[in-house]
Amino acid sequence: MLSARGIRNVCPGRSISPSLRTLQFSGINRPLTRVQPVTSARTAQTNWSKAITQAFSTSSCLRQDTPADSPTPHTPPEEIERVVREAKQRFRDTLPKDYLNKEEYALYERLYGPPLRETTPEDVGIDTHADMGPQPPRPDNEGIVLRELDGGEFEEIAYQIPREEADDASDALQEDELVQTGTEDLIPTAPGYIDLVARNEREYAAMQKLAQDFETAQKKRREAEDEAAAAEEEAHEMNQEHLHLLAPEEEYSQRELSDTRRFHPLSVEGRFYDDLVELVLPRDELITPIRDLLDRTHIDHVKKAAEEAFGGAGLPNSPATPSWNRTGPMKGVGLPADQRHMTEIEADAFIAGSLPPSYATGMSVFKEVRKRIGSDWLQSKLKAGGLSILDAGSGGAGLVAWQEIIRAEWALLKENGQVKGSEPPGKRTVVIGSDRLRHRVKTFLDNTTILPRLPDYEHSGEMRGDHLEAGDKPQPRKSYDVIIASHLFLQEQQDHYRQAILNNLWSLLNPDGGILVIVEKAHPRGFEAVAHARDTILKQFLQPPSGQPEISPESINPAYEREREPGYVIAPCTNQGVCPMYQIPGKSKGRKDFCSFNQRFVRPAFYSRVLGSGQHNQGDVDFSYVAIRRGVAKSSQMTGKEATEAAFKGYEHAEEKPDMLTLPRTVLRPLKRKGHVTLDLCTPEGRLERWTVPKSYSKLAYHDARKSRWGDLWALGAKTRVAREARAGKGPDDGGKRAAQGGKPRRVEIVMGPGGIRADEKNAGRERRKSRNSRKQDLMKELLEAEEAEERLIGKQMEEEVEAELEEDDRQQNRRRRRGRQ
């Protein structure tokens, strides 16, 4: 048996391989032989063997490199032609530098002409298969067992070995065991892409050099991206430090004191945005893990896959709708997170094109919800063991945003000495359908449960009798304090499908103060999906607030009828009735007004490259949302009309602080004119009104109105107000029947004159003008009908002639018979 120390004598001039030297002289004395797990991928790889790796060994005794410029003497022409043809097959119209010698290159030019350029790593697929390298060794404290499946395959199951046992086992091994280990017992590492495709030593050396060049270029690109990200982060930190040096912060906002001193406290508290700086995505929790995952694939391939999945250049069907496509086809997200099957490149396209805007949307919504419900509920939950959150639709971006909110509250509790620990407690769950996407997301989501689909309690064993398809054994019920449902309703076209999703989400929500957040894209169809869900919850699930007229549902499915419970809309609505922009349920044609909001954020470098925007790193995401709380009644007992009247008078000099949920919200950009500002508000009464704040009304109110933004709550009143009608469109296109039913009654006038009696019809519905294609189809139909009628007429005439001829023949035969008898 050949020992490990004897390997030096086999290959003179070469020392022991680095892996064996590490095992022999490192402090960890572990056996050299290690059982490799049997997987289906290795079983299917039929060309894997020891011979492959040994043939491409770097030892001098196994590889005798011959320079390309010094060909072997007396090389036969057949061998030269074979080398040239293999080079053409491998490198196509390119050629690596100094790959062929003079004779081979002359034959190459005579057969194929000169090469176009020098070969790059992309020409031989190194960028695409860069992740096919050998796998790193497993940790010392990790073991593997094999479990046989039904189909005869084996599944790897990893388990952790206690550190004490692993150390004791490694100390018990002696150096003699390493010496006595034979080289035939060593299991070679899995071959890489170059090992599998290279057909000779020359190809192997050339492709290995290209791979090294590719790795060097990738390393330089990562260093450049790291430097750019560090510069952006340093600039942002310097900006924040400059703001903090101006003056300490007040309790109303996170802005600097020099800014808030000039504003009324209620104007600061009612802001939708914390500051004017763009939202910065967390680097360690989101940007760096995604960038590391995308390093395995060339970004151009990810960009192409993202454009195919999200509707083309600019990703119009992603969570962020580009400004130039807001009037285009109003579709949902092209690649949802709960999609069951995804390819490797589609999973990369999802994390590159969907997670950044989804995080910006979730952070903007959660910050507004935190402001309106206050910190008492969150801090009480953290003291009691944490909150549970379910992310359904955003692929984990909502969990990262929520974790940032919870960490801020946890830091406040730690400063006061009320809690201990570095990380806040709680349970996090995300719905991801694809296994490939799940493997990528779990790299940056720690302590997170990943579900392939939403749990269904509507058809569990507890519901037998109401639902015949329920199972025999009831499922263990889960309850979540916060649920964010991103882009789930717009992808469903039928109302009963949306109703089923809403019922399922409501059954998963904690009945003692749980919060449901519904997010869709910012276009009329997305707003209508959110408004439909809001309208359904207010009509079927929640009790009307005190003093408000009860909203009677038009039609409720008896299978889903339930007892109504307290609750209210947190944001963005301050009214608990019908949405003034959604008076008529359903899709509306030509809708101009719809409730939406905007969040600006700093684009990561990979996201900008996927969008094709180059170095432009400023991004915007528009969204429509609603946040509803279950099981807790609204604290204010004011009716909508009373709250609107009080807000119109203003709280500038009020002694008591009003409830922020009784203030109107701006739903459009303020119109700033010389001497006055016009605000388009959605009032607590459920109406759209236009309030005017002139300079003569109040100096402070006029100043705050000029600094207000879209989405802010307004508390300082106004001088005048007028009602504003929502431009909700003309309703669904029903072929002209809507106009005929809602028009004037039809009337017929009978006129008697010298020419006789004539009837004239008044207010008759005008016939809709047909298009050119419709007229052409009608004309072709008339021609075909005329041709068929003519054919029927000709056929009838021919039949009559045949019958006449037959009758004449019968007459002649009868005459002949009579003559014969005579």
Handout entry: Side-chain H-bond candidate by donor/acceptor type, Thr120 with Asp123, under 3.5 Å
Key = yes

Problem - Residue pairs involving residues 351-366 (criterion side-chain hydrogen bond (donor to acceptor under 3.5 Å, both in side chains); sequence neighbours excluded) - result: Ser364-Gln599

Handout entry: Ile432 side chain reached by Asp338 side chain, heavy atoms, under 4.5 Å
Key = no

Handout entry: Donor-acceptor under 3.5 Å (Ser608 side chain, Pro604 main chain)
Key = yes

Problem - Side-chain heavy atoms of Pro96 within contact of Phe91, under 4.5 Å - result: yes

Problem - Basic-acidic side-chain contact under 4.0 Å: Glu307, Lys303 - result: yes

Practice task
Given salt bridge (Lys or Arg N to Asp or Glu O under 4.0 Å), test Asp481 with Lys381 step by step and report yes or no.
Solution key: CA-CA 9 Å; Asp481 298 315; Lys381 283 287 188 179; 3.6 Å; yes

Practice task
Give a yes or no answer on whether the side chain of Arg436 reaches the backbone of Met342 with a donor-acceptor pair at less than 3.5 Å.
Solution key: yes

Problem - Parallel, tilted or perpendicular: rings of Tyr607 and Phe601 (30°, 60°) - result: tilted

Exercise for the section: Anything under 30° is parallel, anything over 60° is perpendicular, the rest tilted; go ahead and classify His298 against His301. Expected result: perpendicular

Problem - Within 6.0 Å of CZ in Arg222, more than 12 heavy atoms from elsewhere - result: yes

Handout entry: Short N-O contact, Glu344 and Arg296, less than 4.0 angstrom
Key = no

Exercise for the section: Answer yes or no: is there a side-chain heavy-atom contact under 4.5 Å between Leu196 and Tyr193? Expected result: no

Problem - Presence of salt bridge, Glu285 and Arg407, under 4.0 angstrom - result: yes

Exercise for the section: Evaluate the criterion salt bridge (Lys or Arg N to Asp or Glu O under 4.0 Å) for residue pair Lys209 and Asp213; output intermediate values, then yes/no. Expected result: CA-CA 6 Å; Lys209 185 178 182 304; Asp213 296 342; 3.5 Å; yes

Practice task
Using modelled atom types only, decide if a donor and an acceptor are shared between the side chain of Arg498 and the backbone of Glu492 within a distance under 3.5 Å.
Solution key: yes

Fill in the blank from the handout: What one should report as the nearest heavy-atom pair of Gly334 and Phe310 is N-CD2, 4.1 Å

Handout entry: Side chain Glu346, main chain Thr343, donor-acceptor under 3.5 Å
Key = yes

Problem - Salt-bridge present (Glu409, Arg370; N to O < 4.0 Å) - result: yes

Practice task
Mind checking the CG-CG spacing from Leu488 to Leu490? Nearest 0.5 Å is all I need.
Solution key: 10.5 Å

Exercise for the section: Using atom types as modelled and distance alone, determine if a side-chain donor or acceptor of Ser486 lies under 3.5 Å from a backbone N or O of Gly393. Expected result: no

Practice task
Before giving the answer on side-chain contact (heavy atoms from CB on, under 4.5 Å), spell out for Met207 and Val124 the whole-Å C-alpha distance, their side-chain angles and the decisive distance to 0.1 Å.
Solution key: CA-CA 8 Å; Met207 297 183 67; Val124 291; 4.3 Å; yes

Handout entry: NZ/NE/NH1/NH2 to OD/OE distance under 4.0 Å, Arg291 and Asp295
Key = no

Handout entry: Modelled atom types, side-chain donor and acceptor of Gln89 and Arg199, under 3.5 Å
Key = yes

Problem - Note, Arg428 side chain near Thr449 side chain (heavy atom, < 4.5 Å) - result: no

